[in-house]
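Scroll down for the structure; my scribbles are underneath it.
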Amino acid sequence: MSTETLEEKLPEVAEVPKEPLFSSKNKRLLTDPLDDDNPITVQVLGICSALAITVQVQQAVVMALSVVFVMFFGNIIISVLRDIIPSRIRIIVQLVVVASLVILVNEILKAFLPDISERLSVFVGLIITNCIIMGRFEAFAMGNKVFPSALDGIGNAMGYAWILVAVAIAREVFGSGAISFPGIGQIKFIPDGFFEFGYANNNLMILPPMALIVVGIIIWVQRSRNTKLIEEN
Amino acid sequence: MKAVDNLLGKVRPVFEKGGKLEKYWPVYDALETFAFVPDHTTSKGAHIRDSIDMKRTMFLVILAMIPALLFGVYNLGYQHFMAMGQEATLIEMALFGFGKLIPLIIVSYGVGLGVEFIFCIKKGHAIYEGFLVSGMLIPLIMPVDVPLWMVGVATAFSVVFVKEVFGGTGMNILNVALTARAFIFFAYPTEMAGNKVWISTTGGGSTVDGYTGETLLGQAVERGANFYDAAGTAYASVADSFMASFIGLIPGSIGETSALAILLGAALLIFTGIGSWRIIFWGIVGGAVMGGIFNLIGPAYFPDNLYLQVPWWHQLVMGGFLFGVVFMATDPVSAAQTTRGKVYYGFLIGLLGILIRVVNPAYPEGIMMAILFMNVMAPTVDHFVVQANINKRLKRFKTLKTA
């Protein structure tokens, strides 16, 4: 598991007394999850939400922002509390933290973005069960100082977010032919001329199986660019 | 042949190691072995070889498809002129059919082999003939007027995602041709389902009164076994509509309508040992059993659902059931590998095919779903068959020891 490699690095981070704010190690906490250690394409976590809410870009963006919020504050809170959380009940404590943050997000969405909140339905609530979040709490925030934990939270959430948005863009462009933005309306990406020639929107793109295949394509492209990700067998 | 040999011999150095187009050796190799018997000789190990190789296998399968293909060509014209209420000669019907079918074949082979060539050149291994059969099956399971670009997209999708990413020919997890069909079915449902797509009504004139264009599968949902033909005339009896569908004069995908032509192909496949008779036989039995169950419980428990009352022997000749069981289910790569496994595999395909078709009218072509589903399940079937055998022998071993 890739989380273990991060844990091995932890003692060094803790031992070095004075470290520049954005040392190369801290930078890597931000950048690694974007590519080499991406939570979706490399660790294969959080797949369920990547399939469920990537039909429209706006949903995916809202979902991604929610996860960034929960992850960032959750990692900070857990990291602050890490010395006083009894290790026997740590999962429960982590669950309480993530649940309260998710409820907060859910209420905010309901109040300010009722349309999107309705369309996201249970999936905002299901952020609680998103394996990436609990995984980072358990693997990183429980053993690291606040600042690296915050960076790690943002890094992993952004790694999750960009995949989500990329998948959503592919699905909405080929599935609906246009991306709808709140307030602006739809912006067409497939020219009308195509439709006159008999082009049709691909319904399969709207169905969940195609999300899996789009994620697969991203993994394929990523691995052919970044050959160290390929496992030996 | 001599001229071809000369030509190939002349360009050979260009493709050989050190030549200008060395990268494209797989393409040259494929063309050469396609035209001539390979001149490789065995250098070690067993020297006695069966003369059958992949090319010959594929060629025999294509040969088995020829009756269905020719009948499909005729039927395209027959349905068209019947729906338009026009008289036409056999030649006219055949010409019409070829005009529709040949572009489909060209697109399917062009795209599929193109993708295959690209992958082989990239990976640097020889081009296998796996696509020869898939490329012929794809046009045969399409509705007549499906847009060509959709066939191209679907073919590329299924070759890449079902075959090439899993390792190329011999590694496909699903049937390539059926995946292409399922892709269009889900991606562009208006081109692959409903009443409009099965008979070509373009090209001047209007359809006759009473024309609906529904296939028998569509009709059965509302009317049970009271079928009518493309011109809207009802068949006199169930036996009549059975005969029409057995011979194949019904609307449907291009190659799937004629049970007779498909059975001719099945006979060749079974005789040459290329298609597993177990899968074909037990597939038909499975379909008959499910149809029989529906016939038994239909009138008593679900009198409103007329589909259940279509006689089981009629179910077998409707739609793509036979075509799927004979040409798709027997795909040696995606089918179950064990002898006993093939029995279960075939039986379940037949059973599920009829079950899906009757119970879920949204998926009239249940056999497609059934075969794809059983393709996925085939390794599981094999696992249990092997495990059962191990257990049986362990038991025998134990009784031996105690005795």
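In what follows, chains are A, B, ... by sequence order, proteins preceding strands, each numbered from 1.
A distance of 14.0 Å separates CZ of B:Phe186 from CD1 of A:Ile206, quoted to the nearest 0.5 Å. In this structure, CD1 on B:Ile184 lies 11.0 Å from CG on A:Leu204, to the nearest 0.5 angstrom. Atom CZ of B:Phe185 and atom CG of A:Asn203 lie 11.0 Å apart (nearest 0.5 Å). Rounding to the nearest 0.5 angstrom, the gap separating the CD1 atom in A:Ile217 from the CZ atom in B:Phe161 is 3.5 Å.
Counting non-hydrogen atoms of neighbouring residues, nucleotides and ligands closer than 6.0 angstrom, the CD atom of B:Gln387 exceeds 12 such neighbours. The environment of B:Lys123 atom NZ is dense: over 12 non-hydrogen atoms of other residues, nucleotides or ligands sit within 6.0 angstrom. Within 6.0 Å of CE on A:Met142 lie more than 12 heavy atoms contributed by other residues, nucleotides or ligands. For B:Phe373, the CZ atom counts as loosely surrounded, since its 6.0 Å shell holds 12 or fewer non-hydrogen atoms of other residues, nucleotides or ligands.
Heavy-atom distances place the side chain of B:Val160, and not its backbone, under 4.5 Å from chain A. Contact annotation for A:Met205: neither backbone nor side-chain heavy atoms come within less than 4.5 Å of a heavy atom of chain B.
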Should A:Asn201 and B:Tyr188 be marked as a side-chain contact (heavy atoms from CB on, under 4.5 Å) after you check the CA-CA gap, both sets of side-chain angles, and the distance that decides it? CA-CA 8 Å; A:Asn201 286 323; B:Tyr188 311 107; over 6 Å; no

So B:Phe157 and A:Met210, side-chain contact (heavy atoms from CB on, under 4.5 Å) or not? Walk me through it. CA-CA 11 Å; B:Phe157 174 85; A:Met210 207 56 187; 3.7 Å; yes

